[in-house]
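Below is one structure; the comments refer to it alone.
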Amino acid sequence: MASIGQIVNPTPGSDALSRARQRAALVPDCLVEAKRIANTVIAGWHGRRKRGIGENFWQFRPYAEGESLSRIDWRRSARDDHTYVREREWEAAHTIWLWCDMSPSMMYKSSYGNVSKESRALVIMLALAEILARSGERIGCPGIMEPASARNAAERLAAALMHTPLTGGLPETAMIRGWSDLVLIGDFLDDAPAIMERLGPLARRGLRGHVVEISDPAEEIFPYSGRTEFTDPESGARLVSGRAEHIREAYRNAYLARRDSLGQSLRHLGWTFATHRTDHLASEALVAVHMYLSGMPAKATHGGQL
């Protein structure tokens with residue numbers, strides 16, 4: 001049977017250097033794609049702006065009886081027979097930490113997927129940075145970039161990713177302080193209890209979490225048949241199945257049970273959980289996370305699949 005999926009071969013050299021070079025080559029293209037997707041999504045999304053205490057103009061509205069006269073904008077009111085109040089935009093930048101897994105398993109791409117899991121995770125993370133930065137939020141990446149409020153947050157994050165070694169697994173979070181949002185993007189193929197052992201303490205510290213599981217279509221549908229050799233990209237272990245189609249049902253049941261267990265555990269913490277396949281549009285996952293961050297329920301499709 002022809003190969004359905006493969007791990008992209010790294011360039012010669014040490015593992016760490018090879019992964020760094022490969023990611024550095026991938027990030028610029030991902031940044032361009034992220035900006036394209038962000039521009040598409042943001043056109044129909046009004047962001048997180050609201051009226052309140054701040055310096056920037058928000059809107060004019062009619063004066064209500066009983067309000068302080070000092071709030072009246074006399075210049076605007078002089079244009080017609082109505083009295084108007086000038087409102088300012090609410091300014092309270094929130095800190096949002098973005099992270100995506102760079103484990104070897106994320107480099108997988110089958111013939112059923114549009115891109116590798118790693119590429120899709122980077123695009124979603126950079127697109128989030130682009131949109132949230134336009135809304136005035138403070139963007140950071142654990143162990144990679146300190147939180148900053150800047151219009152070019154996506155470019156700064158991309159540059160940091162190109163020049164900073166990024167290991168797999170869940171990030172170190174000791175540097176995260178206060179009430180922040182943490183967006184985690186990865187394939188989360190470890191056992192759910194092991195993942196929750198790391199994430200549970202974060203929820204108890206007051207962090208709001210949003211987990212996006214990236215999957216390749218072949219990982220879900222298990223299209224293999226006949227004699228098939230499977231290789232673990234993390235450990236290099238190999239498994240040969242004489243008739244792969246005989247284990248399809250058992251594999252799919254175990255795969256979906258792991259996902260359901262993780263999703264239920266995360267929701268029990270008050271965190272959100274969404275799944276995204278690489279044969280779907282990246283904008284679908286982007287919109288879902290935006291809605292979560294804005295406190296609105298995301299509209300899921302395909303039984304929770306984004």
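The figures that follow rest on heavy atoms only: side chains count, while hydrogens, waters and symmetry mates do not. Just so you know, these numbers come straight off a predicted model, no measurement behind them. For reference, positions follow the sequence shown, starting with 1.
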message: Quick check with a 6.0 Å cut-off and a 45 degree axis cone: is R258 positioned over the face of Y255's six-membered ring?
response: yes
Candidates I131, L126, I124 - the one meeting side chain to side chain contact (heavy atoms under 4.5 Å, CB included) with L128: I124
Donor-acceptor contact below 3.5 Å, side chain R151 vs main chain G136: no
- prompt: Should the pair Y224 and F230 be assigned to parallel (<30°), tilted (30 to 60°) or perpendicular (>60°) ring geometry?
  reply: perpendicular
message: Looking at E33 and R36, is there a salt bridge between them, counting it only when a charged N and a carboxylate O are closer than 4.0 Å?
response: yes
- request: Mind running salt bridge (Lys or Arg N to Asp or Glu O under 4.0 Å) on E219 and K117 for me, showing each step along the way?
  value: CA-CA 11 Å; E219 294 177 324; K117 293 187 290 182; 2.7 Å; yes
query: Which atoms form the tightest heavy-atom contact between D216 and A218, and what is the distance?
result: OD1-N, 2.9 Å
field: Sidechain-backbone polar pair: R138 side chain, I96 backbone, donor-acceptor under 3.5 Å
entry: no
- request: Please name the pair of heavy atoms, one in L266 and one in M196, separated by the smallest distance, quoted to 0.1 Å.
  value: CD2-SD, 3.8 Å
side-chain contact (heavy atoms from CB on, under 4.5 Å) assessment of R277 paired with I214: CA-CA 6 Å; R277 275 181 22 174; I214 306 294; over 6 Å; no
- request: Heavy atoms only: give me the nearest D181-H210 pair and the separation to one decimal.
  value: OD2-NE2, 2.6 Å
query: What heavy-atom pair brings E245 and G226 nearest, and what distance separates the two atoms?
result: OE1-N, 2.7 Å
- prompt: If Ile, Leu, Val, Met, Phe, Trp and Tyr residues are connected whenever their side-chain heavy atoms lie under 4.5 Å apart, and connections chain through other members, are I185 and V115 in the same group?
  reply: no
message: Could you report the tightest heavy-atom contact between T228 and S225, atom names first, then the distance?
response: OG1-O, 3.4 Å
- prompt: If you draw the axis of the six-membered ring of Y84, does the NZ or CZ of R76 fall within 45° of it and under 6.0 Å from the ring centre?
  reply: yes
